[in-house]
2 protein chains.
Amino acid sequence: MKRSLSRETRMALEPRKQPRQQRSSKVVDRILDAALTLTREQGTRTPTTLAIAQRAGLSVGSVYQYFPNKEAILLDLARRWLSSFPEVIEKRIKVPRPTNRDEFRQEVRKLFIDTSTIYLDNATLMPVIEAISGNADLRPIQDEYDEQIIALYAAWLRHVNPALEDKIAKRLGLVMMEVGHACRLVGLKRDRRTFDLIEDDVEAMWLALVNPYLNLD
Amino acid sequence: MKRSLSRETRMALEPRKQPRQQRSSKVVDRILDAALTLTREQGTRTPTTLAIAQRAGLSVGSVYQYFPNKEAILLDLARRWLSSFPEVIEKRIKVPRPTNRDEFRQEVRKLFIDTSTIYLDNATLMPVIEAISGNADLRPIQDEYDEQIIALYAAWLRHVNPALEDKIAKRLGLVMMEVGHACRLVGLKRDRRTFDLIEDDVEAMWLALVNPYLNLD
DNA sequence: GACAAACGCGAATAATTAGTCGCATTCTTT
DNA sequence: AAAGAATGCGACTAATTATTCGCGTTTGTC
């Protein structure tokens with residue numbers, strides 16, 4: 001076991017090699033699928049390498065052909081989700097600044113819906129996200145993404161209201177992210193109807209949160 | 001290792017024996033202190049039994065005199081915190097029902113402040129709470145407490161407005177808990193000034209959340 | 001001060017699991 | 001079809017760590 005290495009070298013999480021033959025790219029998919037399924041089955045407990053290999057119909061050795069360590073597998077699953085946040089929020093910044101309260105409300109709503117969609121589209125990934133949060137090795141990477149996302153929320157807030165102090169924008173961004181994330185995670189564990197109701201709650205809370213910091217007339 | 005046992009028998013988390021001599025009750029305190037300190041030092045990674053014993057100036061064997069397993073130690077730390085929620089919320093229910101919007105606002109504020117105080121008073125415990133959430137064995141126990149707390153928030157809401165549907169009260173209770181917990185956890189990681197500002201945000205969000213469900217005149 | 005119970009010890013046990021390595025098989029290319 | 005590269009294999013290694021158990025020491029009690 002070289003467990004200590006993986007904690008230190010960040011590069012150690014990059015894919016080990018690119019698949020060169022067709023069969024092997026299927027194998028990578030099978031590994032990722034197996035990891036996802038097992039994580040979902042086991043709640044928050046991260047699956048073992050052996051379990052992943054077996055579920056994928058492979059041996060452990062084959063798994064290590066494409067992933068340098070176990071963490072890299074989970075991270076590969078999560079990265080798609082994590083990276084869609086920046087895309088979506090940036091898109092909401094490249095838009096004309098709202099000029100009155102009503103337009104502003106609309107912008108909040110759009111950001112709210114777009115971020116909501118990320119969760120709905122990736123509902124099956126949520127157990128992986130939770131597993132990562134609970135994993136001491138992967139947590140720091142999550143935190144990096146989180147900081148990035150907070151900064152983007154803050155940038156969005158300052159796009160909507162340029163007079164907003166940077167520090168305040170950062171704090172509001174943090175709260176928006178946390179509230180959105182916490183509520184959507186629990187929402188997705190319930191039925192669709194409840195999820196939608198919780199979404200309404202989140203929108204109301206977001207509006208209440210940012211409203212006092214609007215100097216629009 | 002009998003790791004599988006602990007997952008099944010819930011009793012296995014109860015303290016193994018009561019200290020009979022003076023020296024040993026000090027020992028229990030030392031163990032708990034060591035576990036707390038180490039958890040704080042290591043972020044979310046739960047300390048090993050050996051580490052706990054050493055930090056407490058003891059041997060592993062002594063630790064197992066008083067705790068049936070490692071989980072029980074962390075749980076012992078967390079239970080004080082977890083159990084203060086019911087106390088505090090129940091206290092807020094045993095109070096005359098508010099009769100107008102302003103009194104209602106006051107009641108929200110009181111519940112808000114009382115729950116906030118739980119977090120502030122137990123700030124040092126937060127890493128343990130996070131470690132428990134990330135631990136596959138302990139998570140179910142957290143979830144039980146959470147359900148209880150949600151039920152109490154719901155009971156409070158129906159105390160304040162008896163006309164409120166039970167299902168709605170449950171959902172709002174869930175959201176109140178999640179929002180409060182998420183924001184306070186991150187708030188406590190920042191400076192006191194920021195914590196206070198985030199608290200104001202939470203109060204505003206709670207009010208926005210429950211306001212639509214008030215039929216008071 | 002003697003006896004038993006409580007306490008404390010830590011080497012040993014055992015379970016779990018990440019990651020490796022040399023060999024076997026399959027594919028690609030010429 | 002033959003060579004060589006890529007892929008696949010899985011027994012094995014090694015690290016980690018929870019928990020036990022028998023023995024020595026301390027404490028409270030009569």
Side-chain angles (χ1 to χ4, degrees), chain A residues 1-9 12-31 34-35 38-39 42 45-75 131 135-138, chain B residues 1-9 12-31 34-35 38-39 42 45-75 131 135-138:
Chain A
M1 277 223 265
K2 305 274 174 55
R3 303 239 68 216
S4 48
L5 279 187
S6 64
R7 274 175 214 140
E8 278 137 48
T9 66
L13 291 166
E14 293 307 315
R16 177 164 279 180
K17 71 157 82 162
Q18 296 301 322
R20 309 273 163 100
Q21 299 177 357
Q22 303 160 325
R23 59 173 172 168
S24 61
S25 58
K26 297 266 182 188
V27 163
V28 170
D29 287 345
R30 292 222 307 272
I31 295 169
L38 284 168
T39 306
Q42 303 177 357
R45 186 175 272 111
T46 55
T48 68
T49 51
L50 185 67
I52 293 172
Q54 281 180 342
R55 180 61 69 98
L58 294 167
S59 73
V60 253
S62 299
V63 171
Y64 281 91
Q65 290 273 337
Y66 303 101
F67 296 94
N69 52 52
K70 199 180 72 163
E71 281 71 33
I73 303 172
L74 293 182
L75 201 59
N135 178 307
D137 291 326
L138 292 170
Chain B
M1 274 223 263
K2 304 273 174 55
R3 305 237 70 219
S4 48
L5 279 186
S6 63
R7 273 175 216 139
E8 278 137 50
T9 65
L13 290 166
E14 293 308 313
R16 178 163 280 180
K17 70 157 82 163
Q18 296 301 320
R20 309 272 163 101
Q21 300 176 356
Q22 305 159 324
R23 59 172 171 171
S24 62
S25 58
K26 296 268 183 186
V27 163
V28 170
D29 287 344
R30 291 220 311 269
I31 294 169
L38 284 168
T39 306
Q42 303 176 359
R45 185 175 271 111
T46 54
T48 67
T49 50
L50 185 68
I52 294 171
Q54 282 181 342
R55 180 62 69 98
L58 294 166
S59 73
V60 254
S62 301
V63 171
Y64 281 89
Q65 290 274 335
Y66 304 100
F67 296 94
N69 52 50
K70 200 181 72 163
E71 281 71 34
I73 303 172
L74 293 183
L75 201 58
N135 178 306
D137 291 326
L138 260 21

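A quick note: this is a predicted structure, and the numbers were derived from the prediction, not measured. Throughout, protein chains are lettered first and strands after them, A, B, ... in sequence-line order, and every chain is numbered starting at 1.
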Open item on the list: I want to check one thing: is the phosphate of C:dC21, taken as OP1 and OP2, less than 4.0 Å away from some side-chain N or O of A:Tyr64?
Closed with: no

Please give, in whole Å, the distance from [N] [atom2] to [X] [atom1]?
X: B:Asn135; N: D:dA18; atom1: CG; atom2: C1'; answer: 13 Å
X: B:Ile31; N: C:dC7; atom1: CD1; atom2: P; answer: 12 Å
X: A:Lys26; N: C:dT26; atom1: NZ; atom2: C1'; answer: 17 Å
X: A:Ile73; N: C:dT17; atom1: CD1; atom2: P; answer: 15 Å
X: A:Asp29; N: D:dT7; atom1: CG; atom2: C1'; answer: 16 Å
X: A:Gln65; N: C:dC27; atom1: CD; atom2: C1'; answer: 14 Å
X: B:Phe67; N: D:dT20; atom1: CZ; atom2: C1'; answer: 18 Å
X: A:Leu138; N: C:dA18; atom1: CG; atom2: P; answer: 12 Å

Task: Verdict with supporting geometry, A:Asp137 and B:Arg45, side chain to side chain contact (heavy atoms under 4.5 Å, CB included) - done: CA-CA 9 Å; A:Asp137 291 326; B:Arg45 185 175 271 111; 2.9 Å; yes

Open item on the list: Can you list, in residue-number order, the parts of residues 46-62 of chain B that come under 4.0 Å of DNA chain D, counting heavy atoms only?
Closed with: B:Thr48, B:Thr49, B:Val60

Taking all atoms of both residues into account, what is the closest heavy-atom pair of [X] and [Y], and its distance?
X: B:Ile73; Y: B:Ala35; answer: CG2-CB, 3.6 Å
X: A:Leu38; Y: A:Pro47; answer: CB-CB, 3.7 Å
X: A:Val28; Y: A:Tyr66; answer: CG2-CG, 3.8 Å

TODO: From the options D:dC9, D:dA18, C:dA18, select the nucleotide whose nearest atom is closest to the side chain of A:Lys70.
DONE: C:dA18

TODO: May I ask you to test the B:Thr49-B:Phe67 pair for a side-chain heavy-atom distance under 4.5 Å?
DONE: no

TODO: Might you work through the side chain to side chain contact (heavy atoms under 4.5 Å, CB included) test for A:Thr46 and A:Leu138, ending with a clear yes or no?
DONE: CA-CA 11 Å; A:Thr46 55; A:Leu138 292 170; over 6 Å; no

